[in-house]
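Scroll down for the structure; my scribbles are underneath it.
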Amino acid sequence: MTATRGLEGIVAAESKISSIIDDTLTYVGYNIDDLTDNATFEEVVYLLWHTRLPKEDELAELTKQLAENADVPQAIFDQFKTYPLDTVHPMAALRSAVSLLGVFDEEADDMSPEANYRKAIRLQAKIATVVTGFSRIRRGLEPIAPKPELGYAANFLYMLHGKEPEAIEIEAFNKALVLHADHELNASTFTARVCVATLSDVYSGVTAAIGALKGPLHGGANEQVMKMLSEIGSIDNVESYIQGKLDNKEKIMGFGHRVYRKGDPRAKHLRVMSEKLTKLTGKPELYDMSVKIHDMIVGQKGLPANVDFFSASVYDSLGIEHDLFTPIFAVSRTSGWVAHILEQYANNRLIRPRAEYVGPGMQKYVPINER
Ligand SMILES: CC(C)(COP(=O)(O)OP(=O)(O)OC[C@H]1O[C@@H](n2cnc3c(N)ncnc32)[C@H](O)[C@@H]1OP(=O)(O)O)[C@@H](O)C(=O)NCCC(=O)NCCS
């Protein structure tokens with residue numbers, strides 16, 4: 001038995017949900033470029049959960065269900081108020097809150113497909129209220145209930161900022177949600193599948209996935225990109241800062257990918273949005289700095305940007321606090337996690353690989369006073 005480090009190249013599941021083939025990402029066979037240009041996030045949620053695009057009435061029904069289920073038990077907001085709000089990371093708060101949502105869901109352990117689908121809706125609906133509610137509570141504000149007449153993307157920004165967003169903000173945020181919705185067997189999705197393959201419940205699967213997404217090698221990278229841009233401060237500092245990191249053999253967040261070789265197809269959409277939005281908000285230097293970093297990394301390391309690089313300046317332009325970038329990733333990716341969880345349940349087998357043992361050979365127990 002020989003281990004493959006990081007399971008690189010290992011095919012660990014069959015899936016009908018999304019695919020990465022020759023650097024092209026598709027959801028159920030639809031190119032991500034096509035969906036980003038045309039679909040609402042709700043349509044994509046339906047697509048991932050039903051493996052087909054919705055008809056008009058089906059989309060209306062899902063949209064209605066998401067709006068109707070967006071309320072969050074007050075106990076969760078009360079919990080937030082007890083947290084050390086100056087220091088707690090919103091991903092830690094989110095991880096705990098999703099676990100708590102499971103505590104309050106009477107159907108949490110009902111494993112019927114119907115109950116699991118209802119939980120999927122509840123989770124997708126509530127997670128936006130949880131993330132925005134946490135942000136507001138730590139700013140000393142009360143959470144805002146969603147407006148049923150707004151779509152998912154618009155509602156998120158509304159619940160966060162307390163005012164209805166502009167059309168261009170809704171468009172950009174919707175695209176970002178579409179782009180982050182699913183991504184084959186990425187680390188957090190694999191985590192979710194491993195968890196529920198024990199026949200554990202949906203909330204456990206998503207809680208586990210949030211834990212995996214939190215790390216800076218996965219979803220946490222977008223926040224780190226913004227931290228880097230803030231540290232660099234101005235375009236004149238880009239060269240020395242990046243060169244210093246490269247000379248120290250440090251990783252530059254937002255670059256590289258386990259699967260893509262020519263480039264992450266999601267990055268170009270975010271780059272376009274970043275250029276547009278940073279101009280609009282009077283911070284074009286953020287985009288210019290990003291492009292300069294990008295050209296240096298591509299030029300010297302041959303590593304293209306991934307989804308996290310330009311999403312940082314997009315979210316910043318939407319007035320989103322930097323440590324909410326990864327929770328927003330989780331809000332979108334919940335759709336993919338849940339799709340994979342339902343797919344796993346539908347054809348389940350325990351996921352239990354082996355380890356290559358590289359420790360000492362057989363040893364005889366030595367009594368403690370003889371060691
Ligand atoms: C995404 C990532 C984890 C993929 O990791 P991986 O497939 O295990 O690749 P490795 O970490 O083994 O990297 C392979 C080589 O490329 C280099 N490399 C990879 N990503 C790099 C980056 N962002 N900056 C600088 N060098 C990088 C590594 O240092 C390594 O070089 P070496 O062979 O000389 O040691 C990795 O590219 C990374 O850490 N990127 C930064 C974090 C990030 O943006 N994550 C979000 C992913 S969507």
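Position 1 is the first residue of the sequence, and the numbers go up from there. Both counts, for ligands and for their atoms, begin at 1 and track the order of listing.
Between Lys119 and Asp105 there is no salt bridge, since no side-chain N of the basic residue sits under 4.0 Å from a carboxylate O of the acidic one. Ionic pairing of Arg271 and Glu275 is not present here: no N-O contact between side-chain nitrogen and carboxylate oxygen is shorter than 4.0 angstrom.
Counting only heavy atoms, the protein gets under 4.0 Å from atom 6 (P) of ligand 1. Distances from atom 9 (O) of ligand 1 to the protein include no heavy-atom value under 4.0 Å. When distances from atom 40 (N) of ligand 1 to the protein are checked, a heavy atom turns up under 4.0 Å. Within a 4.0 Å radius of atom 44 (O) of ligand 1, the protein contributes one or more non-hydrogen atoms. Less than 4.0 angstrom separates atom 21 (C) of ligand 1 from at least one non-hydrogen atom of the protein. In this structure, atom 13 (O) of ligand 1 has its sub-4.0 angstrom surroundings free of protein heavy atoms. The protein does not reach atom 31 (O) of ligand 1 closely, with no heavy atom under 4.0 angstrom from it. For atom 24 (N) of ligand 1, the nearest protein heavy atom lies closer than 4.0 Å.
The shortest heavy-atom distance from Pro216 to ligand 1 is under 4.0 Å. Heavy atoms of Gly254 approach ligand 1 to within less than 4.0 angstrom.
Atom 47 (C) of ligand 1 has Asn306 ND2, 3.5 Å as its closest protein atom, hydrogens excluded (heavy atom only). Closest to atom 46 (C) of ligand 1 among all protein heavy atoms lies Asp308 OD2, 3.2 Å. Here the heavy atom of the protein found nearest to atom 1 (C) of ligand 1 is Gly256 O, 3.8 Å.
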Ignoring hydrogens and angles, write down the donor-acceptor pairs under 3.5 Å from the side chains of residues 168-179, residues two or more places apart or on other chains.
{"from": "Glu169", "atom 1": "OE1", "to": "Glu166", "atom 2": "N", "distance (Å)": "2.8"}
{"from": "Asn174", "atom 1": "OD1", "to": "Phe41", "atom 2": "N", "distance (Å)": "2.8"}
{"from": "Asn174", "atom 1": "ND2", "to": "Ala39", "atom 2": "O", "distance (Å)": "3.0"}
{"from": "Lys175", "atom 1": "NZ", "to": "Thr36", "atom 2": "O", "distance (Å)": "3.2"}

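In the vicinity of His218, heavy-atom distances shorter than 4.0 Å reach the ligand 1 atoms 46 (C). Contact atoms of ligand 1 toward Met253: 42 (C), 44 (O) (distance under 4.0 Å to a heavy atom of the residue). Close contacts between ligand 1 and Ala221 involve ligand atoms 43 (C), 44 (O), 45 (N), 46 (C) [criterion: under 4.0 Å to a heavy atom]. Listed by atom number, the atoms of ligand 1 under 4.0 Å from Leu303 heavy atoms are 18 (N), 19 (C), 20 (N), 21 (C), 22 (C), 24 (N), 25 (C), 26 (N), 27 (C).
Looking at Arg136, its side chain does come within 3.5 Å of a backbone N or O of Glu142 through a donor-acceptor pair. Distance alone, capped at 3.5 Å, places no donor-acceptor pair between the Arg52 side chain and the Trp49 backbone.
No side-chain donor-acceptor contact under 3.5 Å links Asn69 and Gln65. Side-chain atoms of Asp33 and His269 include a donor-acceptor pair closer than 3.5 Å. Side-chain contact check for Tyr345 and Asn116: no donor-acceptor pair (N or O, by modelled atom type) lies under 3.5 Å. Thr278 and Ser317 are not linked by any side-chain donor-acceptor pair at a separation below 3.5 angstrom, with hydrogens and angles left out of the test.
Not counting sequence neighbours, the partners of Glu343 by the salt bridge (charged side-chain N to carboxylate O under 4.0 Å, His left out) test are Arg193.
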Working for salt bridge (charged side-chain N to carboxylate O under 4.0 Å, His left out), residues Lys55 and Asp57: CA-CA 6 Å; Lys55 298 196 169 69; Asp57 57 333; over 6 Å; no

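For ligand 1, the polar-atom distance check against Arg266 finds no nitrogen or oxygen pair separated by under 3.5 Å. For the pair Arg258 and ligand 1, the shortest N or O to N or O distance falls below 3.5 Å. Here's the thing with Glu250: none of its N/O atoms is less than 3.5 angstrom from an N/O atom of ligand 1. At least one N/O-N/O distance between Leu217 and ligand 1 falls below 3.5 Å. Ligand 1 has a nitrogen or oxygen under 3.5 angstrom from a nitrogen or oxygen of Ile252.
Which of Lys301, Lys245, Lys251 comes nearest to atom 38 (C) of ligand 1 through a heavy atom is settled by distance: it is Lys251.
Residues Val196 and Asp201 come closest through the heavy atom pair CG1-O, 3.8 Å.
The aromatic ring centres of Tyr117 and His50 sit less than 6.0 Å apart.
Relative to the ring axis of Tyr158, Lys147 places its NZ or CZ within 45° and under 6.0 Å from the centre.
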